[in-house]
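Inspection log for the structure reproduced underneath, given as structure tokens.
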Protein chains: 2
Amino acid sequence: MRLVDQSANAEASVRGEQTKRLIVDTAVRLFREHGYEKTTMRAIAQAAGLSVGNAYYYFPSKDHLVQEFYAQVQDAHHAAWTVASDAATEFVDRLRIAMLTGVEVMAAYHGFAGKFVKTAVEPGSPASPFSEDSRPARERSLALFRSVIDGSTIKIDDELRADLPELLWLSYMGVTLYWLHDMSPGQAKTRLLVEKAVPLIDRLVALSRLRLLRPITREALALYRLLR
Amino acid sequence: MRLVDQSANAEASVRGEQTKRLIVDTAVRLFREHGYEKTTMRAIAQAAGLSVGNAYYYFPSKDHLVQEFYAQVQDAHHAAWTVASDAATEFVDRLRIAMLTGVEVMAAYHGFAGKFVKTAVEPGSPASPFSEDSRPARERSLALFRSVIDGSTIKIDDELRADLPELLWLSYMGVTLYWLHDMSPGQAKTRLLVEKAVPLIDRLVALSRLRLLRPITREALALYRLLR
DNA sequence: GTCTATATCTAGATAGAC
DNA sequence: GTCTATCTAGATATAGAC
């Protein structure tokens, strides 16, 4: 009896997962094809062959569907990074590859990504890159930037080393924010930003080991830890 | 005849200005009292004794009313800064005062300022601090940070000097972004950020004159100019 | 627990009459 | 310039089927 019930529940939740997946895939496809705002909940439901109420049964709001979109971009970034970083051992090369592959996987969505950031920057929003809901995606992204360092031959100040992955991730968030507002053809300015800023970061990391700059590095790091 | 017509037009546009002003004042008051999202266009119109359509005759969207809100905060910042900075001559003091007065005039709106930033970060939004519509407010804010430098006794690298006001303004935008997400009581963490980060900026500005750091300063500045 | 259908609410935005 | 009526779309409520 109990066994049967569990089996029924298991099958039911499998069906539920499939429906959930169907909604996400349809939504993301329509976002891609028509943009975020022009894709209505009614259109998503209709294209998926479901009722609007059913979509809201699985996702409390349209914003929550964006979260799933992030996850897909995240996966694409990870895949592209894994392939492209294979042979690179220099920190400066690995960081450039990490950022450029990130920009590349986002490229197709530049037209409407601006609509997403609206909800992402709002304090308390589940779509915020700093939110609890975003933790899984954030952890994966942080792991990527940890691998940028760990796979490289760079020497890093011991104290900086612990926080560097997070700092690189933050700078990648900054690049993303710039990219959103970058209206140059093919977002060429963002690529230029990466090409030029990455060597600067590389030099700063190296400089931070100098006696002259050590105090200010320590202070900046202490402040960062205090306020994050 | 022509004279009479012009007079009539003038009177009409005066009345128009009054209506416009009435809408703005009512909207900003309601934003203050109930927050942004809970203040509907209907409520604004009703409280002002006008129709919704009339409000839209003067302001193409609710976002455009936010712009007016910014302007008022801007004015308050300028007034507070002028009073508080009077006796300060050290760059580090003046920058701290500029940032802290800014945080103070925004304090009352912390609860709902997060709703504003949603529209402000969207590329192409008139409410963006980088937009053409925001130019007047931005110019006034830039003038404030120019006065931070000009009223001080600090020695600055010649090349840095030209862009420093803009860089300080940018860092103030960063402080504002942190403040939005700062849920500590009284936004104490943001105040701490200002107290600690301002001396760091002060030291960085001083360090940038050193021979050792000059090349990297030049490069960073060149990149900034290229991409802004 | 999964899903449909439909009516309804809310609020930003617009159209057209006066 | 100003109004009323209307549209659109996110979101909710309800009632019921499997």
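So that the names make sense, note that chain A is the first sequence line, chain B the second, and so on, each numbered from 1. Just so it is clear, the values below take in all heavy atoms, side chains as well, and ignore hydrogens, waters and symmetry mates.
- Taking A:Phe145 as the reference, A:Tyr172 meet the ring-ring contact (aromatic ring centres under 6.0 Å, His included) condition, with sequence neighbours excluded.
- Partners of A:Ala45 under the side-chain contact (heavy atoms from CB on, under 4.5 Å) rule, at least two apart in sequence or in another chain, are A:Val52.
- Sorted by first then second residue, the side-chain hydrogen bond (donor to acceptor under 3.5 Å, both in side chains) pairs that include residues 46-62 of chain B, not counting sequence neighbours, are B:Ser61-B:His64.
- With sequence neighbours left out, A:Tyr178 forms a ring-ring contact (aromatic ring centres under 6.0 Å, His included) with no residue at all.
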Any N/O pairs under 3.5 Å between the protein and nucleotides 9-12 of chain D? List them or say none.
{"residue": "D:dG10", "atom": "OP1", "partner": "A:Lys62", "partner atom": "NZ", "Å": "2.9"}
{"residue": "D:dG10", "atom": "OP2", "partner": "A:Met41", "partner atom": "N", "Å": "2.9"}
{"residue": "D:dG10", "atom": "N7", "partner": "A:Arg42", "partner atom": "NH1", "Å": "2.9"}
{"residue": "D:dG10", "atom": "O6", "partner": "A:Arg42", "partner atom": "NH2", "Å": "3.2"}
{"residue": "D:dA11", "atom": "OP2", "partner": "A:Tyr56", "partner atom": "OH", "Å": "3.0"}
{"residue": "D:dA11", "atom": "OP2", "partner": "A:Lys62", "partner atom": "N", "Å": "3.0"}

* To do: Apply side-chain contact (heavy atoms from CB on, under 4.5 Å) to the pair B:Val103 and B:Met99, showing each step before the final yes or no.
  => CA-CA 6 Å; B:Val103 171; B:Met99 297 226 175; 5.6 Å; no
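- Protein atom CG of A:Leu50 is 8 Å distant from nucleotide atom P of C:dC3, rounded to whole Å.
- For A:Tyr109, the side chain to side chain donor-acceptor pair (under 3.5 Å) partners are A:Arg32, not counting sequence neighbours.
- Taking atom CD on B:Gln18 and atom P on D:dT2, their separation rounds to 10 Å, with Å as the unit.
- With sequence neighbours excluded, no residue forms a ring-ring contact (aromatic ring centres under 6.0 Å, His included) with A:His181.
- Taking a 6.0 Å sphere around CG of B:Asp86, one finds it holds 12 or fewer heavy atoms contributed by other residues, nucleotides or ligands.
- Per the geometry, CD belonging to A:Gln46 stands 13 Å off P belonging to C:dT4, to the nearest Å.
- Every ring-ring contact (aromatic ring centres under 6.0 Å, His included) that A:Trp169 has, sequence neighbours left out, goes to A:Phe130.
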Write down the protein N/O and nucleotide N/O pairs, taken from nucleotides 14-18 of chain D, whose separation is under 3.5 Å; answer none if there are no such pairs.
none

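- Listed by first and then second residue, the salt bridge (Lys or Arg N to Asp or Glu O under 4.0 Å) pairs involving residues 176-193 of chain A are A:Glu104-A:Arg191 (not counting sequence neighbours).
- At a threshold of 4.0 angstrom between heavy atoms, the contacts of A:Tyr57 include nucleobase atoms, whether or not backbone atoms are also involved.
- Note on A:Thr19: a side-chain N or O is less than 4.0 Å away from OP1 or OP2 of C:dC3.
- What separates CZ of A:Phe59 from P of C:dC3 is a distance of 12 Å, to the nearest Å.
- Nucleotide C:dT14 holds its P atom 18 Å from the OH atom of B:Tyr58, rounded to whole Å.
- The list of salt bridge (Lys or Arg N to Asp or Glu O under 4.0 Å) pairs with a residue in residues 73-85 of chain B, not counting sequence neighbours, reads B:Asp75-B:Arg140.
- Pairs of Watson-Crick or G-U wobble type, with distances under 3.5 Å, assemble into runs of 3 or more in DNA chain D at these ranges: C:1-18 with D:1-18.
- In this structure, B:Asn54 does not reach the D:dG1 phosphate: none of its side-chain N or O atoms is under 4.0 Å from OP1 or OP2.
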